[in-house]
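Single-structure report; data block below.
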Amino acid sequence: MSESCSLLHAALDDDDRVFEMADYQGPVARWCAGCGDHSVLTAAQRLLADEQLRPENTVFVSGIGCSSRFPHYMKTYGFHGIHGRALPVATGVKLQRPELDVFVVMGDGDCVSIGAAHWIHAIRYNVDMVALLLDNNIYGLTKKQTSPTTPQGYSSNTQPLGSWLPAMNPLEATLGVTNASFVAQTAEWVPAHLFATLKAAHAHRGFSFVRILQRCPHFTPDIFDQAVKDPNRVELLEHPEGIAAPGLEKLYTHRIRHDPADIHRARELAEDSSTVRLGLFFRDERRPRYEETRELPHHSAADKIEVLEEMFERYAV
Amino acid sequence: MSESCSLLHAALDDDDRVFEMADYQGPVARWCAGCGDHSVLTAAQRLLADEQLRPENTVFVSGIGCSSRFPHYMKTYGFHGIHGRALPVATGVKLQRPELDVFVVMGDGDCVSIGAAHWIHAIRYNVDMVALLLDNNIYGLTKKQTSPTTPQGYSSNTQPLGSWLPAMNPLEATLGVTNASFVAQTAEWVPAHLFATLKAAHAHRGFSFVRILQRCPHFTPDIFDQAVKDPNRVELLEHPEGIAAPGLEKLYTHRIRHDPADIHRARELAEDSSTVRLGLFFRDERRPRYEETRELPHHSAADKIEVLEEMFERYAV
Amino acid sequence: MAMKLPTVGETPAADREVRVRTVSDLSVEVVSDSGEGAQKCGQIFGAVSAKMGNGVWTVEIIPAEVEPPPRSPAGASGIRIRLGDTEVTNWGDETDVAVAFNEQVLLGRHRLGGLREGATVLLESMWKTHPDPDIQTQYRAGLEELQEAGYRIVEVPMEEQCLTVVDNPRRGKNMFALGMLSWMFERDLDRVREQIAQAFRKKAAAVTERNHRLLELGYAWAADHLGERWVVPTMDEDRPHLVMNGNEAVALGAVAAGLELAAMYPITPATSVSHMLGDVFHRFGGVVHQAEDEIAAAGVAIGASYAGKCSFTITSGPGMALKTEFLGLAIMAEIPLVVVDVQRGGPSTGLPTKVEQSDLLAALFGQPGDAPHVVVAPATIEECFHVMTTARRVAEALRTVVIVLSDANLATGVAPFPRPELLPAWQGGPPEILPVPDGMAPYQWDPRTGVSRRFLPGQAGGEHTVTGLAHDERSKVAYDSSINERASAMRSRKLAAFASTLLAPDVNGDAEGGDLLVVGWGSTKGAIEEAVSRARAEGLSVSSLHITFLSPLPPGLAQIFSRFRKVMTVEINYSDRKGDPFVTETNRRRGQLSWLLRGATLVDVDCWTRVMGEPLRPARIVEALRDHMPVAELAAAGAEVAEL
Amino acid sequence: MAMKLPTVGETPAADREVRVRTVSDLSVEVVSDSGEGAQKCGQIFGAVSAKMGNGVWTVEIIPAEVEPPPRSPAGASGIRIRLGDTEVTNWGDETDVAVAFNEQVLLGRHRLGGLREGATVLLESMWKTHPDPDIQTQYRAGLEELQEAGYRIVEVPMEEQCLTVVDNPRRGKNMFALGMLSWMFERDLDRVREQIAQAFRKKAAAVTERNHRLLELGYAWAADHLGERWVVPTMDEDRPHLVMNGNEAVALGAVAAGLELAAMYPITPATSVSHMLGDVFHRFGGVVHQAEDEIAAAGVAIGASYAGKCSFTITSGPGMALKTEFLGLAIMAEIPLVVVDVQRGGPSTGLPTKVEQSDLLAALFGQPGDAPHVVVAPATIEECFHVMTTARRVAEALRTVVIVLSDANLATGVAPFPRPELLPAWQGGPPEILPVPDGMAPYQWDPRTGVSRRFLPGQAGGEHTVTGLAHDERSKVAYDSSINERASAMRSRKLAAFASTLLAPDVNGDAEGGDLLVVGWGSTKGAIEEAVSRARAEGLSVSSLHITFLSPLPPGLAQIFSRFRKVMTVEINYSDRKGDPFVTETNRRRGQLSWLLRGATLVDVDCWTRVMGEPLRPARIVEALRDHMPVAELAAAGAEVAEL
Ligand SMILES: Cc1ncc(C[n+]2csc(CCOP(=O)(O)OP(=O)(O)O)c2C)c(N)n1
Ligand SMILES: Cc1ncc(C[n+]2csc(CCOP(=O)(O)OP(=O)(O)O)c2C)c(N)n1
Ligand code: SF4
Ligand code: SF4
Ligand SMILES: [Mg+2]
Ligand SMILES: [Mg+2]
């Protein structure tokens with residue numbers, strides 16, 4: 001198509017495009033067989049189709065890690081950046097182009113270890129985006145090193161005698177940051193819940209933090225094993241304001257009522273790590289969103305020159 | 001003293017040295033008149049004298065900022081490092097020399113902004129040291145820029161129209177980190193409480209995080225004004241297991257009973273920022289301390305060679 | 001004509017002769033404890049002088065602490081104004097006339113070598129009779145030290161005088177001083193009054209009125225008591241000028257360049273750019289984002305650039321260090337980005353408020369891996385304004401990082417420059433979000449120039465994932481080694497192509513050649529060129545050349561160098577001196593530019609550098625030139641041989 | 001003698017002639033999908049070969065993904081073993097003999113140019129009759145492509161054979177392959193059995209037994225069916241040797257150097273050093289601290305060094321970028337620190353598993369401000385071991401940062417080296433915590449050498465605060481500018497003093513001079529020297545020189561260079577080629593070492609560099625030498641002129 005034709009094209013109203021899941025699918029994902037990242041990819045593609053998001057207006061930003069390969073497998077815009085720094089990049093994208101749908105994909109090392117400062121501050125900025133923490137409790141890409149979320153005592157290549165400290169709980173930490181506005185947990189092996197959670201996260205106006213428990217059959221095949229095999233080890237948070245994943249009632253009989261407006265209870269529920277709790281821990285739609293600072297009228301070049309000339313007067317001799 | 005004399009000197013048992021406050025005092029502090037950092041310096045010197053800590057076995061580590069000038073004004077060992085990175089340095093000191101008493105002095109920008117990742121992880125490592133956050137709600141040294149703890153709406157040189165976001169609450173965030181073991185708040189204008197808090201922090205085996213509300217008359221003279229002038233705006237946490245600062249009962253009549261073992265209540269109390277609460281929010285002596293990983297027997301050069309030779313066998317051809 | 005001026009501190013009598021001297025160049029300074037308003041006094045004096053048609057260069061004297069103790073030599077706070085009968089391009093040498101509010105701050109300036117021998121000093125005399133006997137003693141001792149140094153000291157009862165008009169003389173002495181200076185330099189009092197009114201326009205009218213009275217008081221006192229006046233002839237200049245410092249020029253330059261997002265983390269001496277933008281940027285639809293750290297600031301700027309118009313980030317040395325990894329990503333992923341580094345003294349925290357030019361090599365080579373990008377250094381305050389447009393355009397055209405190296409000298413120096421005639425084109429258009437023609441790839445490198453066109457989110461058909469991994473034209477991760485060779489070549493090619501558009505720099509002095517060519521970069525241009533003029537006036541065959549683009553280098557350097565018997569750089573960074581213990585030709589640490597030029601041209605480029613935490617003084621450069629003249633060096637070598 | 005070996009995939013008949021060839025050098029590789037044990041097979045083969053007295057260099061073939069899809073060209077996982085009749089110092093050129101478990105991984109290797117034309121390939125034949133017809137088709141097409149490329153392909157029913165011994169041939173094929181190779185290279189079967197037992201010592205005895213049976217099966221099959229055997233003569237070597245890779249050598253070298261704290265954050269290809277240390281360090285009282293990021297890792301190491309014995313941190317390019325600020329601090333505050341950078345392909349995330357030597361300039365100049373420190377590059381696996389002791393000692397003696405530049409080639413290459421005779425002195429003593437003699441200052445610089453003695457916490461009377469601000473001898477913040485000049489000189493002086501202890505490097509070849517001198521650094525030494533030998537054998541007048549200390553540079557370079565008509569570097573980093581569009585002598589991006597040498601010596605040091613994501617192949621270097629011989633260049637220039 002020539003340059004002039006493409007101009008014509010832009011003028012067309014293409015709102016009548018209908019997107020199938022395939023429209024969001026990039027090249028075949030190169031994760032290990034059985035890797036939980038595959039399910040998240042599928043859920044994300046399903047969400048995009050469900051919401052009919054335009055591929056060209058959607059940006060997946062990631063850091064470095066197995067999970068951070070995510071954008072390469074989407075047929076949207078993607079930014080595969082550097083380790084730990086996905087959130088500042090995503091913030092920049094959103095400050096510049098608030099109209100874009102921005103998703104951030106991070107691993108547990110990426111987000112909770114090297115990216116910790118950006119994570120804490122992104123929660124506070126509360127910029128409207130969906131942040132996915134793909135938590136396999138290990139460093140996958142670099143081949144099995146301890147991550148902050150590795151269970152205490154679990155052996156890795158850097159701590160062969162077992163991780164020395166209790167695992168960091170990302171939900172608790174997130175809930176401790178002033179201006180947190182959406183905090184949920186789901187698991188990639190419960191696709192219905194995963195999808196429902198992504199949907200709620202996307203619907204939320206603000207920074208939606210979703211921790212996704214993710215299996216890494218290559219390095220931590222055992223970690224989520226029990227919870228995967230035994231639904232009784234899983235507890236679903238339920239509430240009219242919470243995340244509803246229809247069809248799970250039968251399988252997951254352990255359920256607990258939790259009002260996502262109650263941050264104190266949210267923290268208590270998040271803290272206890274004896275059961276795997278899935279659902280919406282906290283949501284507050286009224287928190288200020290930082291990108292609102294950017295909601296400034298557009299100025300033409302001529303306008304700007306006028307104001308600049310006026311400022312020059314202050315400095316004129 | 002010649003080299004050989006100094007050797008003799010080392011052999012002397014100098015445990016009978018008695019230290020006065022003056023033994024810890026370095027050159028005259030170059031903070032502004034009325035700066036709250038002065039009070040913290042005095043309190044620290046008092047603590048050292050009270051505990052009879054040897055100046056040569058005490059290390060003050062800091063980052064960069066007005067508050068980070070602290071070590072220069074002590075007559076102990078000091079490490080005035082780079083902005084935001086005091087905690088890793090202190091961790092290194094303590095891993096290498098667990099017998100030293102280590103204090104860390106940070107500003108709010110230093111700890112909560114640029115140092116956030118290290119802060120979060122230092123809480124988790126729970127290395128035995130006293131970490132002081134001198135929180136004046138502003139960047140002092142660089143002349144009045146917004147810090148994460150700047151009150152919402154407060155104007156600065158980078159956000160002249162007022163800080164856009166609600167202030168980050170460092171106590172809440174600290175309490176959200178798994179393995180937190182000691183969290184307290186005090187104010188430099190209440191010297192008795194400040195001293196008692198430092199004393200308790202020093203007594204605690206683990207990472208003692210103390211947020212000190214600190215006046216900056218130069219840039220934020222108004223921020224703590226009301227609390228300074230009106231003791232009724234201050235609430236003291238009290239408990240037999242808490243921090244007792246005798247002599248304050250009359251002045252500070254607002255008191256609330258809080259068991260520092262109760263983390264849930266601690267979080268609730270920390271969250272509410274309508275009153276200034278001073279006291280011990282949380283303490284748990286049983287959390288694992290990371291430097292215990294370093295408690296390894298010392299090996300002589302010959303020992304090491306023996307083991308190394310043994311290892312060589314695996315690689316021998 | 002015999003002078004009646006007392007040379008040792010004493011208030012002069014009212015009946016005396018007044019000597020008027022015409023000079024083409026003179027420096028004045030006002031020093032005080034911090035908070036006493038010396039800077040305001042000097043700013044007004046400088047602005048009026050500029051308006052009257054003098055060349056002016058103003059530089060602030062800033063103590064290291066926020067609020068240093070009063071009456072301490074290290075606490076000297078103030079301002080220095082250099083006046084000239086033609087354009088003034090640098091802070092000059094020592095001060096000729098100083099007004100000091102106490103003897104201690106003056107001692108501070110004296111001990112740093114800030115005052116010229118024989119300088120005239122107007123010193124507040126109240127300390128002589130201060131109730132605190134310690135202070136009296138200090139004052140006497142101080143006076144003695146100053147007197148021994150040979151200054152012409154005039155004791156002035158400033159406080160006493162001011163008390164006739166105001167209750168708190170701490171808030172008025174500066175205007176009294178302004179009055180004295182106005183008399184001494186024959187400033188147009190109406191203009192001074194006007195400038196005072198402008199400076200205090202945000203305060204109550206009574207403030208201006210009171211300040212006018214203090215001004216007049218100082219003027220009258222000087223007229224009654226002082227015996228020296230100076231005339232610095234003025235120029236006729238029709239073109240309108242602006243007076244501001246380099247950081248203000250960068251801030252307004254960023255606006256003129258159409259930049260709309262400044263991501264930063266505070267750091268001296270860069271921060272004031274964001275203070276300025278914080279005040280005004282929203283009026284242009286712009287945003288200052290103060291990030292949690294310098295890494296995030298770079299990340300936000302890159303994210304914003306990726307999604308649309310080029311953004312920028314601004315910092316100083318320690319912040320540059322933190323941005324290193326992100327710069328590599330922007331270069332690899334070909335995301336335009338402007339980075340302003342306002343250099344200060346290093347390494348590490350170093351000398352935060354002082355000037356140095358020692359980030360050059362780190363700016364050029366700091367990123368692990370081969371990371372070609374552009375480095376440009378403005379040399380004047382005017383260039384600080386214009387460089388921002390250049391930087392944005394080059395960053396966007398080449399899809400790469402452009403590092404702008406300013407420094408503390410430019411950041412805080414104030415001087416007039418021709419008012420720019422703003423063009424809309426400087427701002428660049430808003431990015432076009434059009435569908436991408438079929439078959440176009442996100443890195444469709446032009447094989448000759450390496451340039452390609454980027455796709456922005458929103459452009460249908462352009463969906464792709466940018467990555468810091470080695471990648472091919474379609475931004476697919478490269479598993480094949482030859483792809484990396486090709487992409488590396490393309491990223492490098494852009495610089496060579498850009499270099500071909502640069503012109504060989506002009507020689508200041510004698511383009512035909514001569515004994516010595518001095519090469520400089522960045523803020524030292526004014527001082528170097530002034531030194532070269534003076535040296536040429538002495539008959540030395542010296543010329544100079546200033547380099548604006550450090551990466552890529554401009555063409556023609558080797559040819560120009562070949563016309564001179566010797567080439568050397570003059571820089572504010574560290575170099576071992578010849579003859580230092582153990583130092584050899586191979587292992588000598590050299591001025592950073594000289595290093596670069598040696599590698600590029602294979603000419604034996606020598607260097608003379610200093611890291612004194614202050615801008616270079618032209619007179620010191622002249623000395624260095626004399627020492628480094630090939631003939632002088634030969635003579636020195638000869639003398640050494642003779643001694644053996 | 002006519003060969004009966006089928007050249008296109010077909011299993012050979014049992015009756016055939018066997019040709020035995022004696023060669024001095026040969027490369028073998030085993031490739032498979034990941035998880036099929038090709039690496040184990042090769043490791044055992046390599047170890048046995050080393051024990052038998054062959055020179056050996058082993059390098060792993062690692063796919064980019066953790067678990068790439070099976071049967072994909074990009075997923076080739078395996079190992080390559082180069083054998084020689086003398087010491088083998090590098091991975092060599094293309095592979096002569098390959099065993100492949102499927103045709104796709106072989107195609108991957110072929111397409112990357114990994115196999116020599118005419119190479120012998122033993123290919124698993126099961127795919128020919130695979131139930132999935134697509135696979136059959138792929139196999140046929142693959143075979144055709146390979147056949148056209150001219151390989152001698154032997155189809156081997158490995159799976160079928162293994163099934164006679166085991167149920168799951170995926171877990172046995174590698175031992176079968178080992179058996180075939182053992183026959184082909186006349187390996188001593190007892191030694192192989194022993195090595196298998198050693199390799200599987202942690203597994204049940206039955207595993208070893210089963211593997212022995214598979215080994216024998218493969219051996220017998222080969223004896224029955226193959227027509228080619230190779231003899232690589234062995235050396236008599238009495239000195240005991242160790243076989244390991246460069247990262248293991250760094251880890252054990254750190255132990256031997258007495259280092260006790262390794263602070264790190266995982267990053268390829270550096271991480272395996274910490275894996276090794278994680279396993280063994282506690283047995284030496286050592287600790288591996290995995291920090292939250294690379295910045296913290298540097299900080300922890302610096303804190304630990306400050307408080308006692310020198311510590312170290314280990315990383316690769318992106319991590320180096322993050323440590324930049326802390327390195328400046330350590331240099332400024334004069335805290336000893338060892339930093340190991342295992343270089344990978346850059347810039348940015350680049351080629352994480354592949355070799356490059358492109359962090360040199362960043363290591364030298366990456367820190368803003370003038371930050372003198374030491375940079376040293378081991379050239380062999382043996383040097384990886386010993387450099388750690390040197391680095392610790394130099395860091396402590398000079399109180400500064402020592403950067404050790406290893407790379408992915410050394411990190412993953414495995415070769416024998418003489419077993420070190422360990423000395424207690426290498427470990428250094430535990431720091432002495434004695435009171436400080438009165439009047440001593442924490443930076444009491446020796447004015448000639450810049451060296452001073454640091455005080456550690458615990459030393460009474462030595463209390464002081466180290467700082468990254470400019471400071472004087474007593475570590476007091478400097479407010480006076482001359483202090484900064486002095487301290488800068490002292491920090492720089494240390495390097496010059498250290499340089500004076502270095503020896504001029506040896507010339508490999510003809511020290512008297514000649515046409516061309518090749519200069520290298522780091523892991524390329526073996527390949528360069530091999531290439532030089534080959535070129536000299538061809539009659540070219542070429543020599544080489546290898547630089548170990550990059551900062552400070554050793555003495556004598558200019559003198560040595562002057563004896564050669566031309567000097568060039570050979571490096572694994574990017575350079576523009578002469579004649580590339582727009583590239584001129586001034587703006588050409590050059591190999592990083594050549595840059596450094598030009599500036600230091602003013603000799604026109606040319607360069608030949610590649611960034612193909614693989615170690616240099618000696619044959620390619622030889623080609624480059626031929627092209628760069630001054631005569632060849634003249635001829636080429638002549639030809640060009642003639643064409644005009
Ligand atoms: C600055 C930097 N440090 C380290 C690395 C090496 N690295 C790549 S991915 C990774 C961690 C991967 O773990 P995680 O974030 O949990 O992601 P996963 O692979 O488990 O999905 C590390 C340390 C890097 N690429 N860059
Ligand atoms: C890497 C780096 N970034 C920025 C700075 C500049 N800087 C120095 S202190 C400071 C913040 C000071 O604020 P705070 O930490 O709250 O300490 P305070 O001065 O208020 O005590 C900043 C941004 C620096 N020195 N280094
Ligand atoms: S290593 Fe683990 S996280 Fe990475 S792709 Fe494989 S299964 Fe997934
Ligand atoms: S600026 Fe504020 S924090 Fe800094 S010394 Fe002054 S009063 Fe203290
Ligand atoms: Mg992970
Ligand atoms: Mg502060």
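So that the names make sense, note that chain A is the first sequence line, chain B the second, and so on, each numbered from 1. Note: hydrogens, waters and symmetry copies are ignored here, and every other heavy atom, side chains too, is used.
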For residues [X] and [Y], determine if any side-chain heavy atom of one lies less than 4.5 Å from a side-chain heavy atom of the other.
X	Y	result
A:Ile120	C:Glu292	no
A:Phe79	C:Ile335	yes
A:Arg54	C:Glu463	no
A:His72	C:His464	no

Heavy-atom donor-acceptor pair, [X] side chain to [Y] backbone, under 3.5 Å:
X	Y	result
A:Tyr77	C:Gln459	yes
C:Gln427	A:Ala301	yes
A:Arg294	C:Gly285	yes
A:Glu56	C:Ala460	no

Quick check on [X] against chain C: is it the side chain, the backbone, both or neither that has a heavy atom closer than 4.5 Å?
X	answer
A:Val59	side chain
A:Ala316	both
A:Tyr125	side chain
A:Glu291	neither
A:His80	both
A:Pro55	both
A:Leu100	side chain

Quick check: are there more than 12 heavy atoms from other residues, nucleotides or ligands sitting under 6.0 Å from CD of A:Glu99?
yes
Counting heavy atoms not belonging to A:Glu292, are there more than 12 under 6.0 Å from its CD?
yes
Region of [X] in contact with chain A, defined by heavy-atom distances below 4.5 Å:
X	answer
C:Arg201	side chain
C:Phe281	neither
C:Ala425	neither
C:Lys476	side chain
C:Val288	backbone
C:Pro442	neither

With rounding to the nearest 0.5 angstrom, report the [atom1] to [atom2] distance, [X] to [Y].
X	Y	atom1	atom2	answer
A:Asn57	C:Ile433	CG	CD1	9.0 Å
A:Tyr315	C:Phe417	OH	CZ	10.0 Å
A:Lys304	C:Trp426	NZ	CH2	14.0 Å
C:Phe284	A:Asp303	CZ	CG	10.5 Å
C:Leu261	A:Leu95	CG	CG	6.0 Å
C:Leu252	A:Met311	CG	CE	7.5 Å

So which atom in [X] and which in [Y] form the shortest heavy-atom distance, rounded to 0.1 Å?
X	Y	result
C:Thr465	A:Pro71	OG1-O, 3.0 Å
C:Ser305	A:Gln96	N-NE2, 4.3 Å
C:Pro424	A:Ile305	N-CD1, 3.5 Å

Taking every heavy-atom pair that is under 4.5 Å apart, which of C:Ser311, C:Gly439, C:Gly462, C:Ala301 has the most such pairs with chain A?
C:Gly462
Salt bridge C:Arg419-A:Glu309, side-chain N to carboxylate O under 4.0 Å
yes
Check C:Glu248 with A:Arg314, please: is the shortest side-chain N to carboxylate O separation under 4.0 Å?
no
For the residue pair C:His289 and A:Tyr290, confirm or rule out a side-chain donor-acceptor distance under 3.5 Å.
yes
Just give me the residue among A:Val93, A:Ile82, A:Thr58, A:Thr293 that pairs up with chain C most often, heavy atom to heavy atom, under 4.5 Å.
A:Ile82
Greatest number of heavy atom pairs closer than 4.5 Å to chain C - which of A:Arg97, A:Arg69, A:His121:
A:Arg97
Would A:Val89 and C:Val300 satisfy side chain to side chain contact (heavy atoms under 4.5 Å, CB included), going step by step from the backbone distance to the final call?
CA-CA 5 Å; A:Val89 170; C:Val300 167; over 6 Å; no
Test side chain to side chain contact (heavy atoms under 4.5 Å, CB included) on A:Leu296 and C:Val287 and set out the steps.
CA-CA 9 Å; A:Leu296 298 167; C:Val287 165; 3.8 Å; yes
Partner set under salt bridge (charged side-chain N to carboxylate O under 4.0 Å, His left out) for C:Glu382, not counting sequence neighbours
none
Positions in residues 325-334 of chain C that reach chain A, provided some heavy atom is under 4.5 Å away:
C:Glu325, C:Phe326, C:Leu329
